[in-house]
Amino acid sequence: MCNNKDFVHLHAHTHFSIQDALPSPKNYALKAREMGFRAAAITDHGKMGGAVEFAENCKLPGANDSIKPIIGIEVYTCPDRFDRSKTEEGRRQKLNHLTLLAQNETEYKNLLSLSALGNDPDAFYYSPRIDWGCIEKHSEGVIALSGCLASELNQAFIKEQHDHANSVVDRFKSVFNDRYFIELQYHGIEEQKHNMNLLLDIAKKYNVPVAASNDVHYLDKIDWE
């Protein structure tokens, strides 16, 4: 049976994910330490403002329950970050989610660059946005998880666009190589259940490792209310 020391949260948000999550980076770090996790990641939407506060509270001087901080970001991706055109129905273009994690200082700087590019005034349109060119340029050493239900891969499966799903995995693997993982989540959502075997199948087809995650937005059940 899995316990907290055997599992690492690689997809978690703080109040820097505006209007989407509640905990402060400090409280998230302290809660993870309290619950006995050996490491935890922070992956706020398009921003890295909580990274330093989170890391400092994961590794307090002299604390015997310090844990390893993993710095990441959940970016919004689109075909062209400068394109503000709308769909035929007059809606904004749909953005895809992607989970990125830094292995060391070099990769941390790459994530900072991606955050800056997404929040550029010419690219920001309701949300910070990056495109494939940004990802390729700043991919060195970065670990990529395929993303949550709003990711390009999951959306392709939901729309039964299996050829596109194959092209997504092929494209990401060509850039990230063994640093690309198929992300698996299940929170009782029917679409996640529908996609699970499809994700496992495509991971096997392309020899891509899988990583289980939870989309963390709260520290306690009561916070949901």
Looking at NE2 of His138 and CG of Leu112, how far apart are the two atoms once the value is rounded to the nearest 0.5 Å? 10.5 Å
Phe172 vs Val208 side-chain heavy atoms within contact, under 4.5 Å: no
Does Asn154 form a side-chain hydrogen bond (donor to acceptor under 3.5 Å, both in side chains) with Ser151? I'd like the steps, not just the answer. CA-CA 5 Å; Asn154 272 290; Ser151 69; 3.1 Å; yes
Determine the minimum heavy-atom distance between Leu101 and Leu111, stating which atoms define it. C-CD1, 4.1 Å
What are the two closest non-hydrogen atoms of Pro23 and His217, and how far apart are they? CD-O, 3.2 Å
Within the side chain of Gln93, is there an N or O that forms a donor-acceptor pair under 3.5 Å with the backbone of Ser85? yes
Just to verify, what does Ser139 make a side chain to side chain contact (heavy atoms under 4.5 Å, CB included) with, not counting sequence neighbours? Val175, Phe176
Donor-acceptor contact present, side-chain Asp220 to main-chain Ile222, <3.5 Å: no
Looking at every non-hydrogen atom in both residues, tell me the closest pair between Ser17 and His45 and how far apart they are. OG-N, 3.0 Å
If we only count heavy atoms from C-beta on, is the Cys134 to Arg81 side-chain gap below 4.5 Å? yes
Might you confirm whether atom CD of Glu191 has over 12 heavy atoms from other residues, nucleotides or ligands at distances under 6.0 Å? yes
Kindly give the heavy-atom pair with the smallest separation between Ala40 and Ala32, and that separation in Å. CB-CB, 4.2 Å
Is there a path from Ile189 to Tyr186 through hydrophobic residues (I, L, V, M, F, W, Y) whose side chains come within less than 4.5 Å of each other? no
Worked verdict on Asn207 versus Lys173 for side-chain contact (heavy atoms from CB on, under 4.5 Å): CA-CA 10 Å; Asn207 194 30; Lys173 189 173 181 182; 4.0 Å; yes
Short question: side chain of Glu183, backbone of Gly147 - any donor-acceptor pair under 3.5 Å? yes
Answer yes or no: is there a side-chain heavy-atom contact under 4.5 Å between Tyr180 and Val169? yes
Flag yes if Ile130 and Val168 sit in one hydrophobic cluster, no otherwise; membership is Ile, Leu, Val, Met, Phe, Trp, Tyr, and two members link when side-chain heavy atoms are under 4.5 Å apart. yes
Is it the case that atom NZ in Lys26 sees more than 12 heavy atoms from other parts of the structure closer than 6.0 Å? no
Shortest non-hydrogen contact between Val8 and Ala39, atoms and distance: CG1-O, 3.7 Å
Donor-acceptor under 3.5 Å (Asp120 side chain, Asp122 main chain): yes
Cluster overlap Leu10 with Met35, hydrophobic side-chain contacts below 4.5 Å: no
Side chains of Thr77 and Leu95: closer than 4.5 Å at any heavy-atom pair? no
Give the intermediate values and the outcome of side-chain hydrogen bond (donor to acceptor under 3.5 Å, both in side chains) for residues Gln192 and Glu190. CA-CA 5 Å; Gln192 290 176 325; Glu190 188 60 35; over 6 Å; no
With sequence neighbours left out, what residues match Phe157 under side chain to side chain contact (heavy atoms under 4.5 Å, CB included)? Leu153, His162, Ala165, Asn195, Leu198, Leu199, Ile202
Any side-chain heavy-atom pair of Asn166 and Tyr206 under 4.5 Å: yes
Close aromatic pair by centroid cut-off 6.0 Å: His15 and His13: no
Go through it in stages, so that I can follow the logic: the residues are Glu74 and Thr43, the test is side-chain hydrogen bond (donor to acceptor under 3.5 Å, both in side chains), and I'd like the CA-CA distance, side-chain angles, deciding distance and then a yes or no. CA-CA 5 Å; Glu74 185 175 19; Thr43 55; 5.2 Å; no
Would you say Asn110's side chain and Glu140's backbone share a donor-acceptor pair under 3.5 angstrom? yes
Heavy atoms of other groups near Asp163 CG, more than 12 under 6.0 Å: no
Nearest 0.5 Å, what's the CZ-CG distance between Phe54 and Asn27? 12.0 Å
How close do Ser115 and Ile73 get, heavy atom to heavy atom, and via which atoms? CB-CD1, 3.8 Å
Under 4.5 Å between any side-chain heavy atoms of His187 and Asp215, yes or no? yes
With the side chain counted from C-beta on, respond yes when Asn96 and Gln155 share a heavy-atom pair under 4.5 Å apart, and no when they do not. yes
Under a 4.5 Å cut-off applied to non-hydrogen side-chain atoms, are Ser24 and Glu53 in contact? yes
Could you check whether any side-chain N or O of Asp65 sits under 3.5 Å from a backbone N or O of Arg33, counting only pairs where one atom can act as donor and the other as acceptor? no
May I ask you to establish whether Arg129 and Phe124 are in a cation-pi arrangement, using a distance under 6.0 Å from NZ or CZ to the six-membered ring centre and at most 45° from the ring axis? no
Rounded to the nearest 0.5 Å, what separation is found between the OG atom of Ser146 and the CG atom of Leu184? 7.0 Å
Under a 4.5 Å side-chain heavy-atom rule over Ile, Leu, Val, Met, Phe, Trp and Tyr, are Leu114 and Leu98 clustered together? yes
For Glu89, is the CD atom crowded, meaning more than 12 foreign heavy atoms sit under 6.0 Å from it? yes
Kindly determine whether His97 and Glu152 satisfy side-chain hydrogen bond (donor to acceptor under 3.5 Å, both in side chains), including the steps that lead there. CA-CA 7 Å; His97 294 201; Glu152 187 175 5; over 6 Å; no
